[in-house]
Protein chains: 2
Amino acid sequence: MDKQTITIYDVAREAAVSMATVSRVVNGNPNVKPATRKKVLEVIDRLDYRPNAVARGLASKKTTTVGVIIPDVTNIYFSSLARGIDDVATMYKYNIILANSDQNGQKEVQVLNTLLAKQVDGIIFMGNQITDELRAELKRSRTPVVLSGSVDPTGELGSVNIDYVAAVMESITDLINNGNKRIAFVSGSMDEPINGEYRLKGYKMALEKAGIKFDKELIFETDYSYRAGETLWPAIASSHATAAFVGDDELAVGVLNGARDAGLRVPEDFEIITSNDSKLTEIVRPKLSSITQPLYDLGAVSMRLLTKLMDKEEVSEKTILLPYGLIKRSSTK
Amino acid sequence: MDKQTITIYDVAREAAVSMATVSRVVNGNPNVKPATRKKVLEVIDRLDYRPNAVARGLASKKTTTVGVIIPDVTNIYFSSLARGIDDVATMYKYNIILANSDQNGQKEVQVLNTLLAKQVDGIIFMGNQITDELRAELKRSRTPVVLSGSVDPTGELGSVNIDYVAAVMESITDLINNGNKRIAFVSGSMDEPINGEYRLKGYKMALEKAGIKFDKELIFETDYSYRAGETLWPAIASSHATAAFVGDDELAVGVLNGARDAGLRVPEDFEIITSNDSKLTEIVRPKLSSITQPLYDLGAVSMRLLTKLMDKEEVSEKTILLPYGLIKRSSTK
DNA sequence: CTGTTAGCGCCTTCAT
DNA sequence: ATGAAGGCGCTAACAG
């Protein structure tokens, strides 16, 4: 009936010591005579005792679990980050409660609240938009938070990502150097700072430097999905763009397939450069040129930063930028 | 400093009732006079009180969280299941602790133990092999378990999947009808029952029915990864197979690209049929023909089954088979 | 080095 | 309908 009935008290009795002592050996407290430690360990083993993490959490006010809010695990970009997060979490003895939010402000707030109710020691948030309500809740709870692969224009939250402005500027410049004058900018909602502020800025800077006039007809806003890219193709085609920068790999693959299924040759007739360098870029044909960013590391570093925050260590910089690169595969000339 | 200091006790004092009453309204216990309920609710709102789930878990012995052991979130097949699991979990007010195992027996046992230490109310396990040790641990803990998308030959664990034998048999038959006599069977480790028993059985049955002799040279065992498929291609080529059944989509894409990069035309020169009908099958060119299985639903149903088990409801059948299908896309004639 | 004693915040009988 | 009291299993001072 009961999950497990052996408590620290049983061990104490069997080993003829106090529960405090048992607690000490369980927690690796050095103040225990080797002999009694051995004895206790033996009893623990014999009784197959396992500390109840919930009770421990209540008493110590630390649950060794962190909440991870993710738009959709099914998206390879986010799941890659998640994997890095989990690995580092495990390394530091934490577990993660994963919750999908679909980038929906409502759900995010709700999920955050249940996470806080569960007394998570910290939170990692993925999502490109932070509603005011969410930000408010986040601040009210005095729980450490770090954004993973998401920017916070205000800089008040910990975050780790790459220099989107520079990365996009570089990739656009590349496209320009290949002779393209009309370059489509395809992304998710421009309301998301990462698109509307950072990436767009990089795009504009590159154009400006090359003396090309900005044309808002070349800006395409849609979802982060394969289907969205495919569907978008006709519109891109009629904009007379000869190349596209795309903000998400799945989306990029959609554009790629849209173009090819329409009879265009990539990169001869149309060039594409994408943003996340996920597995997908190598899986499709032609392989997609991409901004490279260390997805796994982004997650891993986020979690590492969070551990510091949770330990109340001093961190010199709450906003960490990881190196990015540009890899030319076969979707660009 | 403290995460949250308002306790049920504060609310009780402010509302001039006992904490028992507050507990009652919080838990929706009907034995509370509407008037006092209203008063309490008001104070709760004013003080912005939120029940501490850890304390609640300790007292009630239920944490409303379930553990999910997954080989790798980054694999689209598993993440699709995970998404279904999380959605249903949310629906039933549960949260999931997600832990990656890499299908490594050691890690699985370890992860299982920390999950149990955290007093999860139930466990969903994904992974194609259950080591004896793991099975033993699973049984010892009296925690409900259901396998999601994984078979348990012994049938003692709850599980939800599709009829792999029939599905594979059907797809192989299809390949045979297209004129193929030498069909490669590409899968993960044959030690995994899903491959070595179920799928292989379907494969053999189809051959037998068509009067084709089984040739073990056509059996290829490898990892579930894109790279593995690509790497495997030369071997497949030299086996003179004219078609392949593949047990995993990423792997199948690897084989596909391996074949195409080697100059073959698919499906004219080589046919491929894969197993999971994940997003990938539609993303690549040619699109992959596949056994179809409701990935999201597999996860969702698993979680639903788990809720029943956790509630100690009677379940007529612990092994649930969901319908599968076969979709002919462009990698088969 | 080891034991005692309070809680941690909430649920749950048992009375009233 | 409501209150009082005893845990749930463990940590954390505080004494010795």
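Nothing here was measured: the structure is a model prediction, and the numbers come from that model. Note on naming: letters A, B, ... go to the chains in the order of the sequence lines (proteins, then strands), and numbering restarts at 1 for each one.
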**B/E156 atom CD, neighbour heavy-atom count above 12 within 6.0 Å** =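 Buried by this count: over 12 neighbours within 6.0 Å.
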
Can you tell which of [options] lies closest to the side chain of [X]?
{"X": "A/K61", "options": "C/dG9, D/dT11, C/dT12", "answer": "C/dG9"}
{"X": "A/A20", "options": "D/dT11, C/dT12, C/dT4", "answer": "C/dT4"}
{"X": "B/M19", "options": "D/dG3, C/dC10, D/dG9", "answer": "C/dC10"}

**Prompt:** Side chains of B/R83 and B/S80: do they bring a donor and an acceptor to under 3.5 Å?
**Reply:**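 No, because no side-chain N or O of B/R83 sits under 3.5 Å from a partner of the opposite role on B/S80.
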
**Asked** Is there a donor-acceptor contact under 3.5 Å linking the side chains of A/T307 and A/D311?
**Response**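 Distance-only check fails for A/T307 and A/D311.
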
**Prompt:** Looking across every strand, which nucleic acid part, if any, lies under 4.0 Å from A/V22 by heavy atom: base, sugar-phosphate, or nothing?
**Reply:**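 Contact class for A/V22: none.
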
**Request:** Using a 4.0 Å heavy-atom cut-off across all strands, classify B/V17 as base, sugar-phosphate, or nothing.
**Result:**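 The answer is sugar-phosphate, as B/V17 gets under 4.0 Å only of primed atoms, P, OP1 or OP2.
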
Distance in angstrom units between [X] [atom1] and [N] [atom2], rounded:
{"X": "A/K33", "N": "C/dT2", "atom1": "NZ", "atom2": "P", "answer": "5 Å"}
{"X": "B/I8", "N": "C/dT12", "atom1": "CD1", "atom2": "C1'", "answer": "12 Å"}
{"X": "A/K39", "N": "C/dC1", "atom1": "NZ", "atom2": "C1'", "answer": "12 Å"}
{"X": "B/I44", "N": "C/dC10", "atom1": "CD1", "atom2": "P", "answer": "10 Å"}
{"X": "B/N27", "N": "C/dT12", "atom1": "CG", "atom2": "P", "answer": "7 Å"}
{"X": "B/Q119", "N": "D/dC10", "atom1": "CD", "atom2": "C1'", "answer": "12 Å"}
{"X": "A/L58", "N": "C/dG9", "atom1": "CG", "atom2": "C1'", "answer": "6 Å"}
{"X": "A/R24", "N": "D/dA13", "atom1": "CZ", "atom2": "C1'", "answer": "10 Å"}

On the nucleotide [N], are OP1 or OP2 found under 4.0 Å from the side-chain N or O atoms that [X] carries?
{"X": "B/T36", "N": "D/dT2", "answer": "yes"}
{"X": "A/N52", "N": "D/dC8", "answer": "no"}
{"X": "A/S18", "N": "C/dT4", "answer": "no"}
{"X": "B/Y9", "N": "D/dG3", "answer": "no"}
{"X": "A/T21", "N": "C/dT2", "answer": "no"}
{"X": "B/R56", "N": "C/dG9", "answer": "no"}

**Request:** Test side chain to side chain donor-acceptor pair (under 3.5 Å) on B/T64 and A/K118 and set out the steps.
**Result:** CA-CA 10 Å; B/T64 63; A/K118 296 217 169 169; 3.1 Å; yes

**Request:** Begin from the C-alpha positions of B/Y224 and B/D72 and carry the test side chain to side chain donor-acceptor pair (under 3.5 Å) through to its verdict.
**Result:** CA-CA 11 Å; B/Y224 295 111; B/D72 183 7; over 6 Å; no

**Which residue lies more 5' along DNA chain D, comparing B/S60 with B/P34 via nearest heavy atoms** =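 Residue closer to the 5' terminus by nearest nucleotide: B/P34.
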
**Message:** Taking the nucleotide of DNA chain C with the nearest heavy atom to each, does A/N31 or A/A59 sit closer to the 5' end?
**Reply:**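 This one resolves to A/N31.
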
**Asked** To the nearest 0.5 Å, how far apart are CG in A/L309 and OG in A/S302?
**Response**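 Interatomic distance, A/L309 CG to A/S302 OG, rounded to 0.5 Å: 11.0 Å.
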
